[in-house]
Amino acid sequence: MKFSCSLFLTALSIDAVSAQNPGPCTLCIDGSEPPFLENKVFDFGANNSTCADFAAGAAAINVDSEETFLACRQLQDVGLSNCGCTTPEALKTGCTLCPGGNELLPNPDQEVIPLVTCGGIGAVVERFEEEECRAYQQVIGGMCACPDAPTTNVQGKDTCRICVDRQVDFPANPVDLSEFGLDAVPCAFFETIANQDDETPCSGYQLNRANCCEMPSAPPNPPANLAEICTAAATDLQSYFDCANACIEASCCEDTCSTDFTCFAYLPCAVLEAIDPPEEPTTDDPLPSLPSPPSNLGELCAVESISGDLVAYLTCINACTPATCCEDTCATDAACLQYVPCLVLDTVATPEPNEDGPAVTPPSNLAELCAADNVSSDFDAYLGCLGACLPGSCCGGACSTDLAICIQYAPCAILDTIDEPPFGQGGGGITSAPVAPPVTDAPMVAAPTTAPVAAPTAAPVTAPTAAPDSAANGHSGLLTTFRLVMSLLCTLAAVAVAE
């Protein structure tokens, strides 16, 4: 997701009343030496930094810009929480971690994250303004068991929980904010930021729950309307977050549960790989238009149809070709979701032609399927001819001596004499063409390795251009020509559908 840097600057309450004077930064706000220089400071697992190290780091900063002020303030928060520094009375705003006073903390020594206690955070919040104060009372005050910890922010919104229905499971885990020029923030404090933001939906922050929360070890069944939820992902930010949050439940599909076939049910999530979080639409920048796919796209690209059947595989690619723009120029078009069945092309191994035989009798209407007038101008017809010819691929080698069958593939020679029609040209369809069944065993279906899956990019088939060699294999005439055509077809099929 994308945030604006100003959000985080606002969340950290950079205001005139607490601003450091220009000049060298000091770990204690009043310029005094920290009382506890040897105290350890949380440093995302390092646990070997001390207050003395942070004091030296502060002294190296010259506060002369908003960026250096922010860096200084972050270090001063460490001085307050870990090193015994105090907030000058002039900077105190009346904020306390527990509403009613820090003395109400049941256990000031309780650690919120390693080396950072409830009492230490109570010292930090004393200079917070109302919005940031309330967020810390909601989140950190709740973790520290403050009585009467508020459950709404200053805008009256219910507490935003990164883990949806509970406090963060891993409060010390980092959330990377380097995109905004900021250091990583522990999950516990990231949740306080979420409760100060009145623009970004809570669901936007919940996208980080894979870092902050215990996630399922196996993908749960997705919502029944996942495709509908994700169809709207390109239309507005809330819909994008709704889709992303439904999909993050299957985050283990990227790693520990990648072989679980439930991951396939999350294929609609692939739209998130193709689009950025949408911005407000403008009338001056209309979305590109994408034609609707064939109504039977799900049938054309069904796993059981394209596994082991190269022509069915190529037919699926042909039907999916218009959606290649979903990776680029029309990536924000909601119609891309109608092409979700195409994602199966990333998970099914490319079927192999019948190279090893035995020879298979071609369909009786092969001459009609491979008629020059049809295959030279209609890509569907071209695929129909190619699919009918592929079972005879072995006639270029392993079964070339089976003349009675191989000679019946003579009409396939047309594929060596024409240029391949453009994808989508024509439209006669080949779903009803009688094609000989494939001889090779159906390959194993590749298990999904990522979720969401990137949309497929279909490459056009390249027609063979090599001329037949009349001396090949010691034969001459039509059979020799055909034998080479079969060999070229084999190469064609392997190259055309290569990932």
Side-chain angles (χ1 to χ4, degrees), residues 305-318 349-376 378-421 428-443 461-498:
S305 298
I306 66 175
S307 297
D309 187 337
L310 186 54
V311 68
Y313 190 92
L314 293 174
T315 302
C316 173
I317 286 180
N318 184 35
T350 303
E352 297 292 337
N354 179 27
E355 295 179 341
D356 300 325
V360 178
T361 301
S364 58
N365 64 338
L366 182 62
E368 178 184 347
L369 291 175
C370 293
D373 290 346
N374 293 331
V375 298
S376 62
D378 187 324
F379 188 79
D380 285 349
Y382 181 90
L383 279 182
C385 173
L386 175 62
C389 292
L390 284 173
S393 298
C394 65
C395 288
C399 62
S400 60
T401 57
D402 197 341
L403 302 182
I405 291 180
C406 286
I407 196 66
Q408 297 179 49
Y409 282 92
C412 297
I414 187 67
L415 296 173
D416 194 34
T417 65
I418 63 170
D419 291 328
E420 165 215 327
I430 63 171
T431 56
S432 61
V435 178
V439 176
T440 54
D441 293 333
V461 178
T462 304
T465 57
D469 181 351
S470 61
N473 295 321
H475 294 277
S476 60
L478 180 61
L479 182 57
T480 300
T481 301
F482 172 68
R483 203 179 273 155
L484 283 178
V485 169
M486 290 297 102
S487 179
L488 289 166
L489 280 175
C490 176
T491 302
L492 159 68
V495 172
V497 298

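All values below were derived from every heavy atom in this structure, side-chain atoms included, with hydrogens, water molecules and symmetry-related copies excluded. If you read the sequence from its start, that first residue is 1, and numbering goes on from there.
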For Cys395 against Tyr409, the heavy-atom pair lying closest together: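 Between these two residues, the closest heavy atoms are SG-CD1, 4.5 Å.
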
Tyr382 versus Leu415, closest heavy-atom pair with distance: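 Smallest interatomic distance, heavy atoms only, reads CE1-CD2, 3.7 Å.
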
Whether Asp378 side chain and Ala381 backbone form a donor-acceptor pair below 3.5 Å: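 Confirmed, Asp378 side chain pairs with Ala381 backbone.
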
Pairwise distance CG(Leu369) to CG(Leu366) - rounded to 0.5 angstrom: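 Taking CG in Leu369 and CG in Leu366, the distance rounds to 6.0 Å.
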
Point-to-point distance, once rounded to the nearest 0.5 Å, from OG of Ser305 to OH of Tyr313: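 One finds 14.0 Å between OG of Ser305 and OH of Tyr313.
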
Name of the residue among Cys389, Pro362, Cys385, Cys370 meeting side chain to side chain contact (heavy atoms under 4.5 Å, CB included) with Pro411: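 Between Pro411 and the candidates, side chain to side chain contact (heavy atoms under 4.5 Å, CB included) is satisfied uniquely by Cys370.
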
